[in-house]
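Order of the sequence lines fixes the chain letters, A, B, ..., with proteins taken first and strands second; residue numbering starts at 1 for each chain.
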Protein chains: 2
Amino acid sequence: MKTIEQLLESKNIRVTAMRLLIYKFLAKKKVAVTLSDIENAFAKADRTTLYRTIKTFEEKVIVHQIDDGTGITKYALCEEGCNCDIKNDLHLHFHCNNCNETTCLTDHKIPQIKVPDGFVSENVNLVVKGICDKCSG
Amino acid sequence: MKTIEQLLESKNIRVTAMRLLIYKFLAKKKVAVTLSDIENAFAKADRTTLYRTIKTFEEKVIVHQIDDGTGITKYALCEEGCNCDIKNDLHLHFHCNNCNETTCLTDHKIPQIKVPDGFVSENVNLVVKGICDKCSG
DNA sequence: TAGTAAGTGCAATGGAAGTGCATTTGTTAT
DNA sequence: ATAACAAATGCACTTCCATTGCACTTACTA
Ligand SMILES: [Mn+2]
Ligand SMILES: [Mn+2]
Ligand SMILES: [Zn+2]
Ligand SMILES: [Zn+2]
């Protein structure tokens, strides 16, 4: 089990207070977060810093981006050893129409999708919408 | 085979010049279009009119919206007898990473997706990304 | 410890989406 | 046909998220 510091160093980005805080925030959350979620959590920090931090995390494959169709991009921590950099996430995402939260279903892999002749599939984005476990209870 | 006029009337919306033009534009295109594609095609018309026309078409299930992950919503004509109103499209969409065009694969239906216990699936958005037939040739 | 590269904060921009209201156009009833 | 009404259009404005330029500060490294 790596520390966050070790993780950041292994990705060749500097360890800063802000990055540690944001990483911990993401780790604590069990659902994907928007930039404004982060802004609300760190009201004292500048938006741009938070924005660029998350972009750096994305670039270094510490988080992955999720487009759940709400029009607002969300982010969630990557699994260790994921290959978010090659393909998009192989796991699927669930967006709750009730609480509006988006969850990584990390152990639900996306099935093989057939495309017509001439088309080459490189990656697949799959978002299931419905009612999440917390809301359906 | 219905005329466009008959189609619009059957959906209880008025036949106007603009609507006919936009419908024909969509029919001519074999790929999904953005609002600004339409704006470019009808530079003389007001943006709002185009916007509201496409929203009306969407509401009346003449077009369906496609979120291909580019951040810009696209639209494409519905098939006759589709049920875009109930679930999202059952067919899948292909986004070309080369030409940036999005195609309806109308006869490629989305497979059944399993979700964990407690989650209820209502609809599914599936976008395959890669190289389209025109670009892979 | 000086120099350099990276990170942060502030201000401004841009694009897409959406709304209020006045005007025009089409439909319907007299 | 014409008045009355409803729907469609055009213009102006707004909001929200994403993104960038530049100055300043902080962290690494020779
Ligand atoms: Mn995920
Ligand atoms: Mn489609
Ligand atoms: Zn929920
Ligand atoms: Zn292509």
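Distance CZ/A/Phe57 to CD1/A/Ile13: 5.5 Å, rounded to 0.5 Å.
Taking the side chain as every heavy atom from C-beta outward, B/Leu126 and A/Val124 approach each other to under 4.5 Å.
Comparing D/dG10, C/dA16, D/dG21 against the side chain of B/Ile72 picks out C/dA16 as the nearest.
The separation between B/Ile13 atom CD1 and C/dT27 atom C1' is 15 Å, rounded to whole Å. Per the geometry, CG belonging to B/Asn12 stands 19 Å off P belonging to C/dG26, to the nearest Å. To the nearest angstrom, P of D/dC11 lies 12 Å from CG of B/Leu50. In this structure, CD of B/Glu5 is placed 12 Å from P of C/dT27, rounded to the nearest angstrom. One can place CG of A/Asp46 at 16 Å from P of D/dG21, the figure rounded to the nearest angstrom. Atom-to-atom, CD of B/Glu9 to C1' of D/dA7 comes out at 15 Å; the value is rounded to the nearest Å. Following rounding to the nearest Å, B/Leu20 (CG) and C/dT25 (P) show an atom-to-atom distance of 17 Å. The separation between A/Ile54 atom CD1 and D/dT19 atom C1' is 15 Å, rounded to whole Å.
With sequence neighbours excluded, the residues satisfying side chain to side chain contact (heavy atoms under 4.5 Å, CB included) with B/Val115 are A/Phe94, A/Leu105, A/Val128, B/Phe119, B/Ser121. Residues that satisfy the side-chain hydrogen bond (donor to acceptor under 3.5 Å, both in side chains) test with B/His95, not counting sequence neighbours, are B/Asp68, B/Asn100, B/Thr102. A/Asn97 is linked by a side-chain hydrogen bond (donor to acceptor under 3.5 Å, both in side chains) to B/Glu122, counting only residues two or more places apart in sequence or in another chain. Residues satisfying the side-chain hydrogen bond (donor to acceptor under 3.5 Å, both in side chains) criterion with A/Asp37, sequence neighbours excluded, are A/Thr34. Applying the side chain to side chain contact (heavy atoms under 4.5 Å, CB included) criterion to B/Ala76, with sequence neighbours excluded, gives B/Ala32, B/His64, B/Ile66, B/Cys104.
Within 4.0 Å of B/Thr34, counting heavy atoms only, lies no atom of the nucleic acid at all.
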Between side-chain atoms of residues 130-137 of chain A and protein atoms elsewhere (two or more places apart, or another chain), which donor-acceptor pairs fall under 3.5 Å?
residue	atom	partner	partner atom	Å
A/Lys134	NZ	A/Glu101	OE1	3.3
A/Ser136	OG	A/Cys132	O	3.4
A/Ser136	OG	B/Gly118	O	2.5

Tabulate below the donor-acceptor pairs under 3.5 Å that side-chain atoms of residues 106-114 of chain B make, not counting sequence neighbours, or state none.
residue	atom	partner	partner atom	Å
B/Lys109	NZ	B/Thr106	O	2.7

Show me the donor-acceptor pairs, under 3.5 Å and distance only, between side chains in residues 19-30 of chain A and residues at least two apart or in other chains.
residue	atom	partner	partner atom	Å
A/Arg19	NH1	A/Arg14	O	2.9
A/Lys30	NZ	A/Lys28	O	3.1

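Listed pair B/Tyr51 / C/dA17 fails the phosphate criterion, with no side-chain N or O lying under 4.0 Å from OP1 or OP2. For the pair A/Thr49 and C/dG9, the criterion of a side-chain N or O lying under 4.0 Å from OP1 or OP2 is met.
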How would you summarise protein contacts on nucleotides 22-28 of chain D per nucleotide, using B for base, S for sugar-phosphate only and - for none, with heavy-atom distances below 4.0 Å?
B----B-

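Among residues at least two apart or in separate chains, salt bridge (charged side-chain N to carboxylate O under 4.0 Å, His left out) pairs with a member in residues 56-66 of chain A are A/Lys55-A/Glu58.
In this model, a side-chain donor or acceptor of A/Thr48 finds a partner on the base of C/dC10 within 3.5 Å.
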At a cut-off of 3.5 Å, list every protein nitrogen or oxygen paired with a nitrogen or oxygen from nucleotides 13-15 of chain D, distance to 0.1 Å.
none

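Between B/Gly71 and A/Arg19, the one whose closest nucleotide on DNA chain C sits nearer the 5' end is A/Arg19.
Nearest heavy atoms, A/Asp67 versus B/Gly69: OD2-CA, 3.1 Å.
Contacts between residues 25-33 of chain A and DNA chain C, defined by a heavy-atom separation below 4.0 Å, involve no residue at all.
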